[in-house]
Amino acid sequence: MSREQAKPHASRILAPTPETYRAAADLLQAGEVVAFPTETVYGLGADATNDRAAARIFETKGRPSFNPLIVHFEHLEAAAREVEVNPWAEALAKAFWPGPLTMVLPRRDDSRISLLCSAGLPTLAVRVPRHEIGQSLLRAAQRPLAAPSANASGKISPTSAAHVAASLGDRVPMILDGGDCEVGLESTVIDLSGSQPVILRPGGITRSQLESVLGSVEEAGAGSDIKSPGMMTSHYAPSLPIRLGATDVEANEALLAFGPDPIKGAAITENLSPNGDLAEAAANLFNLLHSLDREKLAGIAVMPVPQKGLGIAINDRLVRAAAPRD
Ligand code: AMP
Ligand code: MG
């Protein structure tokens, strides 16, 4: 039975106690999602090192595309295990972590974080939250947690456990209740992976606070030539051309298959999900695109993926990957 047909969980709003942290950690270690408060808004957390758990976030939110996810850590040292920390990041961490600041940094080659959290980008957004419940949950789970805002896609960000329950209640096995969020505004996102720092999203830490540490900082947005990550088509694209909706395949093509009957005859074949399970396909998508992207082949043929549930986000990403390159 696919996840979409699985019975919804009854919502469980729980006060933080040693027992609830242990139960939450068990759920997270098993690849489930847990909603929890941070000082900004409530997050929908999952094990960032587990592809299936990251896919579960998109499934739970009903996101029609794979936006990159912010990954939460206990402290800077834990984040530095996964991303390249540069002097800007060190200075900002010293000034504003733990707190409502997210930094986009290059992934380390040996990062254990799911590629789904980066949505195929070579970067990862990292944050150390200040809220006691977020901190305690990270310690209990003993792993980084990917956590976008805990609302259904397209709905406003939740600042109380009741908001989460109203938006996602029957789809989340546990909501840790920390009352109302202190900041109530999302974290500021700053990109430190390029030649100069750029604010990608305004939030809990202001531009002038950032400038007090870094000197002048650019802001992406209207009038700026800095594109939001979803627009950076080329970043998501493998180097080989992509051919969608394939029903046949050439001998010099790689095949990205879906379902129990992969087309025969490709130079190399990987299957997103032999059972036709969309959550499994989402979890495998970026890893398999990388592994099929081999120089001597003519292209990657992709079998059709059903346009429903997580298939919508998978197809959105595949269409971007197949778009004409600049
Ligand atoms: P939310 O999912 O609501 O917490 O929002 C996350 C924000 O962080 C979105 O605006 C994303 O586009 C941004 N973001 C996350 N990861 C990256 C990344 N690797 N590069 C650029 N922006 C990112
Ligand atoms: Mg959001």
Side-chain angles (χ1 to χ4, degrees), residues 33 35-46 48 53-73 79 82-86 88-89 99-108 111 113-129 131 134 144-159 163-164 167-168 172 181 183-205 217-221 224 226-236 286 313 316-317 320:
V33 293
F36 66 98
T38 76
E39 64 277 15
T40 55
V41 301
Y42 275 68
L44 183 65
R56 186 71 60 83
I57 288 179
F58 291 100
E59 185 179 41
T60 304
K61 284 180 65 94
R63 269 198 177 171
S65 64
F66 293 129
N67 302 338
L69 300 174
I70 296 172
V71 179
H72 295 67
F73 296 87
E82 313 297 341
V83 290
E84 309 279 357
V85 172
N86 57 32
W88 291 326
L101 179 67
T102 296
M103 306 190 216
V104 174
L105 292 164
R107 288 175 68 100
R108 280 176 51 153
S111 172
I113 304 295
S114 168
L115 288 174
L116 207 43
C117 296
S118 293
L121 292 165
T123 54
L124 186 70
V126 298
R127 174 178 165 207
V128 174
H131 197 290
L145 298 178
S149 51
N151 51 280
S153 178
K155 300 291 181 338
I156 57 164
S157 295
T159 56
H163 290 166
V164 180
S167 193
L168 300 175
V172 184
C181 295
V183 179
L185 190 72
E186 284 93 347
S187 62
T188 301
V189 180
I190 186 164
D191 184 357
L192 303 173
S193 68
S195 58
Q196 53 183 329
V198 180
I199 298 170
L200 298 180
R201 177 175 78 182
I205 300 287
V217 173
E218 263 198 71
E219 203 155 348
S224 155
I226 289 128
K227 296 177 188 153
S228 78
M231 308 290 291
M232 294 188 295
T233 332
S234 59
H235 267 166
Y236 296 115
F286 293 108
D316 168 84
R317 182 55 65 235
R320 286 171 198 272

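Ligands are counted one by one from 1 in listed order, and the atoms in each one are counted from 1 as well. Since we're looking at a predicted model, the values are computed, not measured.
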- [ ] State, with a plain yes or no, whether a side-chain heavy atom of Phe58 is found less than 4.5 Å away from one of Leu116.
- [x] yes
Task: Side-chain heavy atoms of Val104 within contact of Val189, under 4.5 Å - done: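 Side-chain contact under 4.5 Å: yes.
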Sub-3.5 Å donor-acceptor pair from the side chain of [X] to the main-chain atoms of [Y], do we have one?
X	Y	answer
Thr188	Ile205	yes
Ser114	Ala48	no
Arg317	Phe286	no

Under 4.0 Å from any heavy atom of [X], which atoms of ligand 1 are there?
X	result
Pro148	2 (O), 4 (O)
Arg201	1 (P), 3 (O), 5 (O), 6 (C), 7 (C)
Thr123	18 (C), 19 (N), 20 (N)
Val189	8 (O)

- [ ] For Glu186, check salt bridge (Lys or Arg N to Asp or Glu O under 4.0 Å) against everything at least two apart and list the hits.
- [x]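 None.
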TODO: Would you please name every residue forming a salt bridge (Lys or Arg N to Asp or Glu O under 4.0 Å) with Arg201, sequence neighbours left out?
DONE: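 If we apply the salt bridge (Lys or Arg N to Asp or Glu O under 4.0 Å) test to Arg201, skipping adjacent residues, there are no hits.
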Hey, is [X] one of the residues with a heavy atom under 4.0 angstrom from ligand 1?
X	answer
Arg63	yes
Ser118	no
Leu200	yes
Asn67	no
Glu186	no

Task: Listed partners of Ser111 passing side-chain hydrogen bond (donor to acceptor under 3.5 Å, both in side chains), at least two apart - done: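 If we apply the side-chain hydrogen bond (donor to acceptor under 3.5 Å, both in side chains) test to Ser111, skipping adjacent residues, the hits are Glu82.
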Task: Spatial distance of atom NZ (Lys61) from atom CG (Asn151) [nearest 0.5 Å] - done: 4.0 Å
Task: Inter-residue atom distance Thr40.OG1 - Leu101.CG, 0.5 Å rounding - done: 11.0 Å
Open item on the list: Please give me the protein atoms (N, O or S only) lying under 2.8 Å from the Mg ion (ligand 2), ordered by chain and number.
Closed with: Ser149 OG
Task: Pro68 versus Ala119, closest heavy-atom pair with distance - done: N-CB, 3.8 Å
Task: Selected option - heavy-atom contact closest to atom 14 (N) of ligand 1, from Ala147, Ala220, Pro68, Ala146 - done: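 The residue whose heavy atom sits nearest atom 14 (N) of ligand 1 is Pro68.
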Task: Option of least heavy-atom distance to atom 15 (C) of ligand 1 (set: Ala125, Gly120, Ala119, Ala150) - done: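 Selected option, by shortest heavy-atom distance: Ala125.
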